[in-house]
Amino acid sequence: MTSTDSTGALVKAEIDVAALRANAAVLAERLAPARLKCVVKANAYGHGIDIVARGLFAAGWRDFCVATISEALHLRESLGEEATITAWLYGPSTDLEAALAARIELGVSTVDSIDRIRDAARSTNTVARVHLKVDTGLGRNGLAPADWATALEKLRVLGSDTESAADAEPAVDVEPAVEPAVEPAVEPSLEIVGLMSHYAVADEPERVETSQQTQVFDSAHRELTAVLDGAQGRLGESERLEVHIANSPAALTLSPLPGTSARVGLSLYGLSPLEDKDAHDLGLVPVMRLVSHVVNLKDIPSGHGASYGLTFTARTDTRFALVPGGYGDGIARTASNRAEVSIRGTRYPVVGRIAMDQMIVEVGAGEVAIGDEVVIFGPDGPSAAEWGAWADTINYEIVTRISDRVDRVEVSK
Ligand SMILES: *Cc1c(COP(=O)(O)O)cnc(C)c1O
């Protein structure tokens with residue numbers, strides 16, 4: 001039994017990088033021939049983006065996705081130039097020049113952003129690599145059908161001979177001798193490298209909407225192919241287009257898997273997105289182990305209450321263990337009076353309200369000592385999915401909400 005470590009951290013998230021790499025290998029094999037894009041948004045689902053992304057990079061993975069530009073810029077710093085980084089969530093005031101200067105590939109979900117990206121590409125003297133994102137039914141981000149048609153028309157014009165010739169020709173006089181002899185392979189400021197979408201109900205395999213979304217996606221793919229082929233290479237090559245719609249639940253349930261790659265987040269971290277299968281069923285190992293320690297232990301007489309509101313009352317003489325870890329660490333208060341933790345391999349209930357910094361665990365006559373390690377969740381304790389049920393949420397949120405106060409510590413088992 002270890003005691004609190006020398007840094008004084010009371011709650012630690014141990015990140016098992018060996019498990020992470022094993023999960024990536026299992027998923028990549030399942031996806032093949034489609035390729036794995038590692039989704040590390042939201043601080044790698046709370047696991048710590050630097051530990052996770054560097055751990056995957058060192059194992060040979062090169063393709064990473066995040067939501068925001070600031071996440072993407074951080075990742076570029078962390079991984080260096082060799083990684084491919086895609087980001088898809090930004091707004092009208094986001095600095096796209098910084099993204100392009102850092103060679104971030106961008107999802108395109110509005111017609112306006114095509115112009116903004118072209119402008120940013122020109123002013124940074126880069127070729128923007130973009131993934132058109134089509135809304136196939138989720139109703140969240142992505143080009144809705146009418147906008148999709150408008151975007152394709154815009155691209156058709158951009159890819160036409162005359163338009164790209166006008167674009168390529170600077171307005172100022174240039175010595176004819178220094179004119180490039182060959183035409184640029186792509187429209188100078190924009191290359192369409194991908195087509196993407198996102199499923200709404202892939203975690204419920206019996207629902208018909210997933211195949212309907214796939215059909216819409218396939219027809220968008222045909223339409224985009226026609227536009228790219230018509231532009232004769234000026235907007236990118238249709239045969240090289242990266243096509244991706246699958247997330248974790250789709251990657252684990254659909255066969256054949258649509259697309260040339262899949263954007264996988266949750267299952268990389270060894271968590272199941274499916275109601276009826278746990279990590280073990282899927283050949284995955286949970287990567288995060290959230291631990292704390294018993295810092296106080298007291299005898300409690302029958303009738304004594306626990307924590308704010310005294311929502312729990314001891315029914316017998318018992319013992320309470322005090323465990324650092326509360327909603328300030330990202331542990332869900334809604335799991336109060338429902339959650340369990342594991343000490344020396346035995347499950348004990350969390351009693352009373354989970355507070356900002358600490359929780360009370362009723363250990364009764366169990367063999368527990370001050371300094372004992374407490375597994376809040378992890379492979380040898382309750383699962384993040386159980387915490388999800390106790391907290392009226394999902395395992396995705398349980399790990400992602402773990403706050404900055406918690407030290408992420410890399411371990412390799
Ligand atoms: C978060 C996200 C993913 C990853 O989803 P998982 O279910 O965690 O695999 C993929 N694509 C988009 C657009 C996302 O927002």
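Since the model is a prediction, treat every value here as computed from it, not as a measurement. Numbering of ligands and ligand atoms starts at 1, following listing order. Side chains included, hydrogens not; waters and symmetry mates left out as well; all remaining heavy atoms used.
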Give the contacting part of [X] toward ligand 1: side chain, backbone, both or neither, where contact means a heavy-atom distance below 4.0 Å.
| X | result |
| --- | --- |
| L266 | both |
| P249 | side chain |
| K37 | neither |
| R263 | both |

TODO: With sequence neighbours left out, write down each residue that passes salt bridge (charged side-chain N to carboxylate O under 4.0 Å, His left out) with R103, or none if nothing qualifies.
DONE: E81

Task: Lys/Arg cation over aromatic W88: R263, 6.0 Å, 45° cone - done: yes

Among all protein heavy atoms, pick the one closest to [atom] and tell me residue, atom and distance.
| atom | answer |
| --- | --- |
| atom 7 (O) of ligand 1 | Y396 OH, 2.7 Å |
| atom 9 (O) of ligand 1 | S248 OG, 2.6 Å |
| atom 8 (O) of ligand 1 | Y45 OH, 2.5 Å |

In plain terms, say whether [X] and [Y] are close enough for a salt bridge, that is, a side-chain N and a carboxylate O under 4.0 Å apart.
| X | Y | answer |
| --- | --- | --- |
| K154 | D115 | yes |
| E373 | R344 | no |
| D329 | R401 | no |

Open item on the list: Side chains of E362 and F312, heavy atoms from C-beta outward: is any pair under 4.5 Å?
Closed with: yes

Open item on the list: I want to check something: taking the side chain as every heavy atom from C-beta on, are E77 and H74 in contact at a cut-off of under 4.5 Å?
Closed with: no

By number and element, which atoms of ligand 1 are closer than 4.0 Å to a non-hydrogen atom of [X]?
| X | value |
| --- | --- |
| K133 | 13 (C) |
| V264 | 9 (O) |
| R140 | 15 (O) |

Sequence neighbours excluded and cut-off under 3.5 Å, please list the side-chain donor-acceptor pairs for residues 374-384, or say none.
unit_1	atom_1	unit_2	atom_2	d
D380	OD1	R289	NE	2.9
D380	OD2	R289	NE	3.2
D380	OD2	R289	NH2	3.0
S383	OG	A385	N	3.4
S383	OG	E386	N	3.0

Task: Heavy-atom proximity to atom 15 (O) of ligand 1, best of K41, H244, M196 - done: K41

